[in-house]
Amino acid sequence: REAGDMTHLFSIIVLLLKINATKSCSGVSLKTQELYLLVFVTRYLDLFQSYISLYNSCMKFIFIVSSGCIIGYMRKHKVVSQTYDAEQDTFRVAFLVWPSFLLAAVINQKLSVMEILWTFSIYLESVAILPQLVLLQRTKNVDNLTSNYVFLLGSYRGLYLLNWIYRCLTEEGYRQWIVWISGLLQTAIYCDFFYYYLKSWRKNERLSLPS
Amino acid sequence: DEPAEAKDEL
């Protein structure tokens, strides 16, 4: 789990570094970033309500603030915002948001606003990368930082899968089917990307996804 | 009442 959290954190650092160092967000999907902000805000509504650990609270805070930062850069920064590929980033996010919300309203652990929003965030996260993957496929010569970002972001849920297997074996009564199935789907969506990422990495070439 | 499950992961 720690490795998963760190990979998640590194993915964000890599993305912020890329944007800040190159003053460019080309190849980065604003739609995916906005979906992630929605995921974090709806999942971490309990930030001020239930305290688990300083670590958890800090990470929640970092995830919300950093995705807000990335969106701010892409929308408002006078240099960076001009490098955003708006014509290419055309995924219709309503097709991800509404089904996730309806599914969360039907399949959840408890019928309450907080619980439905939390479940919604789990479902939405599992598909939030799709606009980014579509944009990558449309971009020729994806830069290394962007492909590293997607690789780290994809690895994070994969590492959580290992954590869940471990917890399931060692903790009595530890079951969370909604999170497990969503996490499996989330990782499966990256399989194709992982294949081409590792292939280009081995050949020491820039990543380009077949269209 | 109790939350549906302890949400101790991120």
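Letters go in sequence order (proteins before strands), and every chain restarts at 1.
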Seminar exercise, completed: The interface call for A:Phe40 against chain B, heavy-atom contacts under 4.5 Å, is neither
For this session: Can you tell which part of A:Tyr51 gets under 4.5 Å to a heavy atom of chain B, answering side chain, backbone, both or neither?
Result: neither
Problem set entry | Among the listed options A:Arg1, A:Met114, A:His8, the residue most often paired with chain B at heavy-atom distances under 4.5 Å | A:Arg1
Exercise. Looking at B:Asp8 and A:Arg167, does any basic side-chain N land under 4.0 Å from a carboxylate oxygen?
Worked result: yes
For this session: Would you please test B:Leu10 and A:Arg43 for side chain to side chain contact (heavy atoms under 4.5 Å, CB included) and show each step?
Result: CA-CA 9 Å; B:Leu10 293 165; A:Arg43 184 169 317 162; over 6 Å; no
For this session: Check A:Asn163, A:Asn56, A:Ile52 against B:Glu9 for a side chain to side chain contact (heavy atoms under 4.5 Å, CB included) and give me the one that passes.
Result: A:Asn163
Are there over 12 heavy-atom neighbours, none belonging to [X], within less than 6.0 Å of that residue's [atom1]?
| X | atom1 | value |
| --- | --- | --- |
| A:Tyr166 | OH | no |
| A:Phe101 | CZ | no |
| A:Phe95 | CZ | no |
| A:Phe194 | CZ | yes |

